[in-house]
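These notes are about the structure you will find just below.
Lettering follows sequence order; numbering is per chain, from 1. Keep in mind that this is a model prediction, so the values were computed, not measured.
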Amino acid sequence: MENTLKATIAKAFQALYNTEIKAEDLSLQSTRKEFKGDFTFVVFPYLRFSKKKPEQTANEIGEFLKTKITEIIGFNTIKGFLNIELSSSYWLNEFNKIINTQNYGLATPSSKPTIMIEYSSPNTNKPLHLGHVRNNLVGYSVAEILKASGHKLLKVNLINDRGIHICKSMLAWEKWGNGETPESTNTKGDHLVGKYYVRFDKELKKEIATLIAQGKSQEEAEKEAPLMQQVQAMLRQWETGDAATLALWNKMNAWVYKGFDETYKRLGVDFDKIYHESETYLLGKTIVIKGLEKGIFYKAEDNSVWCDLTNDGFDKKILLRSDGTSVYMTQDIGTAVQRFEEFDLDRLIYVVGNEQIYHFKVLFKILEKLGYTWAKKMYHLSYGMVELPFGKMKSREGTVVDADDLLTEMEAQAKAISKALGKLENYTEEQANDTFYKIAISALKYFILKVAPVKTMLFNPAESIDFNGNTGPFILYTFVRIKSLLKKSELENSLPKSVETGIAAQETELKLIQLISTYPAIVQQAADDFNHAAIANYIYELVKEYNHFYHQITILKETNQQLKQFRLLLSQKVSQTIESGMKLLGINLPERM
RNA sequence: GCCCCCAUAGUUCAAGGGAUAGAACAAGAGUUUCCUAAACUCUAGAUGCAGGUUCGAGUCCUGCUGGGGGCACCA
């Protein structure tokens, strides 16, 4: 219909004002809800062709459209806005098309090229906190949205399993651990390792304070602290492949992986491939050396290798240390090359926090300088920090919101509310717990994903477990109410495949059809913008409109069978659209709550 | 010092250059002989400042203010 309207408007310009305008250059928008109409055409930009007043121009075009398109039952013009009103039979006909479309709103799977998306990328020295949760949820959701838009997706995780940070936990465990294990302490492995990371930091600070008291400067003290010296020695031992160090490293990392797996499972995220930094950190060196030979990079007097980006708006960037070892950038160059060699990728998306914007700009620029044409296919999907009402999250200081604790707390809250409302009677304990989990995880995911990725967001733990308002549980509630309605109707599986387009549909019903009809475009837009918040906001709008409908319109007691069936079909399609959209956010829905 | 991002009701978030800037929470007032009241209805309340571009600016440009982040032989 939008295309028909545009084509006809173009014809109107030809017929009325003798002006050639391409139909695809015209833009239509949905009429805002405070005005009557379905689609709106803004005439202001075209007044130079009509040479008439806005309202007159709009009226003339409106009249032209009305005579050409039978579905138009009327129009109104307010200033330069032409609001086109379509008949209810048009919308009911649209509805019939929609309910007979398989996987409505989703493009054919794998009909578009492959996209690789890297997300999560945790360090193995501490458990996941709220910042990681945002990363995981954003990465997973964007992957689902891109899949829905037709792309084939490769979800990958690069685990940062080596370096000084994990050595800190290892050293602290050796010194003060007394052989503790996850089993002996009944602690998740990542939490146990994190405990020693915090311990290391605490002990190091003590040493530094002592040295400063003895007259050293801050800088000297940090360098000379015995713990610092020891941990650096440990990293060197790791790099030379010292058996005992590697054994400890393997043992503690295994604890962490087991813990991460539990958290990933609980968050409902997964990966098609996992990379470990311990296996990739040497990559890139030969590429850098080749670049050096080609004169793209240069060597400093001390033998360190650099890339001069001062003509590209960046600084100079070191690529190999004077001792010949790699840095973070070197590794990223290597893994990028490896990935494009291994897979035929249309895009490579990195979901990484916005503190690394500069790093990725430099990475992409260096790859471009090296002559890789695929460098322009790389994209850094950055997201803002998660802030807390009481200050910053610092894992070394223990001021974090731990991912596992948060989920547990939210499940308890869901349970308390359900109990207080007397819901879920005659559910088994297992069924009830599954429902509490679904409610809690929906609250967390929706809370985070309704905010656009670029924004720094504030996470208030007290408010986040409030299940009223624009929240996941609010959407879940609407969904289960529809489920209950369909069940009670006893017609769920015997509804017709179409409705009579002559029935008297109410305004709220037509509004719902209209909203559902925009779903495919919303999915596409969200995919183009990598923006899960567009999906979240859309579902919320749909749910609000449905709740309005639900309160205003009688369904099961409607005596007109055609109307009753239509309302049930409409409810069913709304529930399916909610389910489809929520799946793109990684949220599964319960049957009852 | 240089660079990047953000700035919208008391608070947390919306708004593909378009109309009277939407919600939610918090505040106040209502709605259950009726399909799940975790709902619905109503009231009050906002574009940091100064210019510019445009028929039209929360949105684009410039400057300023405020907040965050980045500029390591760390990752």
B/C60 versus B/G69 - spacing of their C1' atoms, nearest Å: 24 Å
Presence of salt bridge, A/E558 and A/R567, under 4.0 angstrom: yes
Distance test, side-chain N/O of A/K316 to OP1/OP2 of B/C71, below 4.0 Å: no
Check: A/Y46 ring centre within less than 6.0 Å of A/F41 ring centre: yes
Interatomic distance, A/I522 CD1 vs B/A15 C1' [rounded to whole Å]: 12 Å
Pair A/R481-A/Y550, side chain to side chain contact (heavy atoms under 4.5 Å, CB included): steps then yes or no: CA-CA 10 Å; A/R481 222 164 47 165; A/Y550 182 89; 3.4 Å; yes
Value in whole Å for how far the C1' atom of B/C74 lies from CG of A/N123: 11 Å
A/R481 side-chain N/O to B/C40 phosphate OP1/OP2 under 4.0 Å: no
Nearest-angstrom distance from the residue atom CD of A/E355 to P of B/C4: 18 Å
side-chain N/O A/K488 vs B/U36 OP1/OP2, d < 4.0 Å: yes
Closest to the A/A452 side chain, choosing from B/C35, B/A75, B/A14: B/A14
Phosphate OP1/OP2 of B/C71: any A/K317 side-chain N/O under 4.0 Å: no
Aromatic ring pairing A/F13/A/F49, orientation class (parallel under 30°, perpendicular over 60°, tilted between): perpendicular
Under-4.0 Å side-chain N/O to phosphate OP1/OP2 contact, A/H548 with B/U41: yes
Test of ring centre spacing under 6.0 Å for A/H359 and A/Y328: yes
Beyond-backbone contact of A/Q514 with A/K511, side-chain heavy atoms, under 4.5 angstrom: yes
Side chain of A/R321 (C-beta onward), nearest among B/U36, B/A75, B/A23: B/A75
Nucleotide B/C35, atom P - distance to CZ of A/F566 in whole Å: 22 Å
Output field: ring centroids A/Y379/A/F364 closer than 6.0 Å: no
A/K450 side-chain proximity, nearest of B/G18, B/C13, B/C35: B/C13
Donor/acceptor link under 3.5 angstrom from A/K423 side chain onto base of B/A38: yes
Length of the line joining A/L458:CG and B/G67:P, which is rounded to integer Å: 17 Å
Inter-nucleotide P distance (B/A29, B/G16), Å rounded: 36 Å
Residue A/S484, side-chain atoms from C-beta onward, closest of B/A14, B/A21, B/U36: B/U36
NZ/NE/NH1/NH2 to OD/OE distance under 4.0 Å, A/K6 and A/E24: no
Side-chain N,O (A/N537) to OP1/OP2 (B/G22) below 4.0 Å: no
Rounded distance (Å) that lies between atom P of B/C13 and atom NE2 of A/H532: 13 Å
Chi class for B/U53: syn within 90° of 0, otherwise anti: anti
Distance, C1' atom - from B/A19 to B/C55, rounded to whole angstrom: 14 Å
Sugar-phosphate only, base, or nothing, as touched by A/S382 at under 4.0 Å among non-hydrogen atoms: nothing
Secondary-structure string, 5' to 3', Watson-Crick or G-U under 3.5 Å, | for another-strand partners, for RNA chain B: (((((((..((((....[...)))).(((((.......)))))....(((((..]....))))))))))))....
Length of the CD1-P vector between A/I475 and B/U36, whole Å: 20 Å
Between C1' of B/C34 and CD of A/E558, the distance in whole Å: 13 Å
